[in-house]
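Here is how names work: the chains are called A, B, and so on, in the same order as the sequence lines, proteins then strands, and each is numbered from 1.
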Amino acid sequence: MAKSDDCVHILQSLLIFGNVVIGMCGIALTAECIYFVSSPHGLYPLLKATENSDIDAAAWIGIFVGLALFALSILGIIGVIKVSKTLLLVYIILMLITFAFETASCITAATHQDSLTPEPFLKQMLEKYQKSDPANNSDNEVTKAWDEVMIKNRCCGVLGPSDWQEYTSAFRSTHNDADYPWPRTCCALDAQGHPVNLDGCKLGVAKYCNIKGCYDAISGPKNRHAWGVAWFGFAILCWTFCVLLGTMFYWSVIED
Amino acid sequence: QLPYKPVLTQKPPVEGVTTASTFVLDQPRCVFQNYSNADIWLVVALEQAASTFNNTAKPGTPETAFQGFPDPVHAYMTLNTTLVNYPCTNPDGRIMVLRVGSETSCAKDVTRPNCNGPLPGPGPYRVKFLALEGSVPVAETDWSVPIMLRTAKTPSSISTAGSGHSAGMIAIATILSILFAILLAGLVAMLVFWSSDSCGGSSTFSKPESVSVRRYNTHHVYDQPAARL
């Protein structure tokens, strides 16, 4: 009897510890998702055309799941200490519902990562950048946005200056290849906005021409956050699974 | 005949070593050392015309004018310079290359037959350097390997369809679904256990303990007085 009492006590303390961890992780998940939702992503209009808004839904779900996990962990601790079968049953059922929601959020975040590829940006840039007849204002905006991105991040094109060599573009139809292998905004610019060394830029020398692509600067932050939401949520769920199994076992062993 | 072959610039690596209408060659340094009096020309030819090029062709004539390239002129001469511009040493460490095709202003100007104009097509082209004293060829390098320029595809060839699901996402989805299924099964087992319990199944579980303790005590007490007596 003493031995099984000890076992029960050990199980109790394990469950309490597990619930404490779940509570803390719930708060962390809420914080991470709030940060994700509030971070500025409408910076560039060119993202709008290719934006996938699923990741926002996943983050919103993450906020509420985090709060629910925190509240349920407190309920779980109370139920374990009070050795109450009804409390623990309520705890288990509500935890399962939360588990289901968090699963959905994780899978959505992971899928979003897959859908973010350079191709849509590349196509938009080639078709709209410096389009000669700005019939609609959005093309002008795209040009301005790309110029801003390229100057600010010292990058060129989506994957590199060779984007303008590998594909024909609206830019190419108005600027000949020998004088403008790529736009002037790809050049290292001085304080007045003129290329430091135009010949060096046309050659593509690393010092006078930005040879890295802008894709990382545009999609990098969003991608990393999506990765964080997906995998942190997955880790929390694995831990919650163990705690729930322990709770179910504890529930079947105690007498009410 | 000098044992030098013109090459595209490899060091330092330049992004625009070949574009759609230009390419970048290394300068022929330390090659024409013995010909300080000669004019060094670059001959650019269509690949199939390289073998039929005659070194006695005079630059600045319609037969070698850039403006007639590629038809009827199959090889033109350009980038005229002397040995002074191709010194052996490079003390400043500056980038020393030749960009073939950089002059766009004279591309249609027939008064400038030596124009270094943009190449009209993707090639392939072969080049060599030719040293002329007066109009007498005194030295030449080998022909280069055929140089292909870049051809551009249309943007509509870019496929924006989704790239399929990564391994990570499939792993997450599978593992989470299995975990959730196990938990659901556990919950169902719990509820079945609870309902069978409340119907009076094993509620006698706690009772046998107290009964056996009492019996044990009675047995023990009964024995002692008998031993004393």
Least distance between heavy atoms, B:L187 atom then A:M248 atom: N-CE, 3.6 Å
Residues at least two apart in sequence or cross-chain that pass side chain to side chain contact (heavy atoms under 4.5 Å, CB included) with A:E166, listed by chain then number, are A:S162, B:R150, B:K153
With only heavy atoms counted, which part of B:T154 is less than 4.5 Å from chain A, the side chain, the backbone, both or neither? both
What do you reckon, is CH2 of A:W227 surrounded by more than 12 foreign heavy atoms closer than 6.0 Å? no
Checking A:N176 against chain B: side chain, backbone, both or neither under 4.5 Å from a heavy atom? side chain
Between B:S157 and chain A, with a heavy-atom cut-off of 4.5 Å, which part of the residue counts as in contact: side chain, backbone, both or neither? side chain
Check whether more than 12 heavy atoms from other residues, nucleotides or ligands sit under 6.0 Å from atom CG of A:N197, and answer yes or no. yes
Taking every heavy-atom pair that is under 4.5 Å apart, which of A:I93, A:D199, A:L96 has the most such pairs with chain B? A:L96
Sub-4.5 Å heavy-atom contacts with chain B: which residues of residues 230-239 of chain A show up? A:A230, A:W231, A:F234, A:L237, A:C238
Can you tell me if A:Q165 uses its side chain to pair, donor with acceptor, with the backbone of B:A20 under 3.5 Å? yes
Against chain B, label A:I92 side chain, backbone, both or neither, depending on which of its atoms sit under 4.5 Å from a heavy atom there. side chain
List for me each residue that meets ring pair (Phe, Tyr, Trp, His ring centres under 6.0 Å) alongside B:Y76, sequence neighbours excluded, and say none if there are none. B:F66, B:F69
Atom pair OG1/CG of A:T240 and B:L183 - distance to nearest 0.5 Å: 9.0 Å
Out of A:F99, A:W182, A:W251, return the one with the most heavy atom pairs under 4.5 angstrom to chain B. A:W251
Nearest heavy-atom neighbours spanning A:Y167 and B:A152: C-CB, 3.7 Å
Passes side-chain contact (heavy atoms from CB on, under 4.5 Å), B:M190 versus A:L89? Steps please. CA-CA 9 Å; B:M190 266 172 53; A:L89 188 62; 3.6 Å; yes
Shortest non-hydrogen pair, B:R99 vs A:A178, comes out as NH2-O, 3.1 Å
At a heavy-atom separation under 4.5 Å, does B:P12 approach chain A through its side chain, its backbone, both, or neither? neither
Please list all pairs meeting side-chain hydrogen bond (donor to acceptor under 3.5 Å, both in side chains) that have one or both residues in residues 94-103 of chain A, counting only residues at least two apart or in different chains. none
Can you tell me how far the SG atom of A:C201 sits from the CD atom of B:E15, to the nearest 0.5 Å? 11.0 Å
Applying a strict 4.5 Å limit to non-hydrogen atoms, the region of A:W164 in contact with chain B is neither
Could you check which of B:L119, B:T19, B:T22, B:I175 has the highest count of heavy-atom pairs closer than 4.5 Å to chain A? B:T19
Could you state the interatomic distance from CD1 (B:I170) to CD1 (A:I107), rounded to the nearest 0.5 Å? 11.0 Å
With chain B, the option among A:L244, A:L245, A:D179 that has the most non-hydrogen atom pairs under 4.5 Å is A:D179
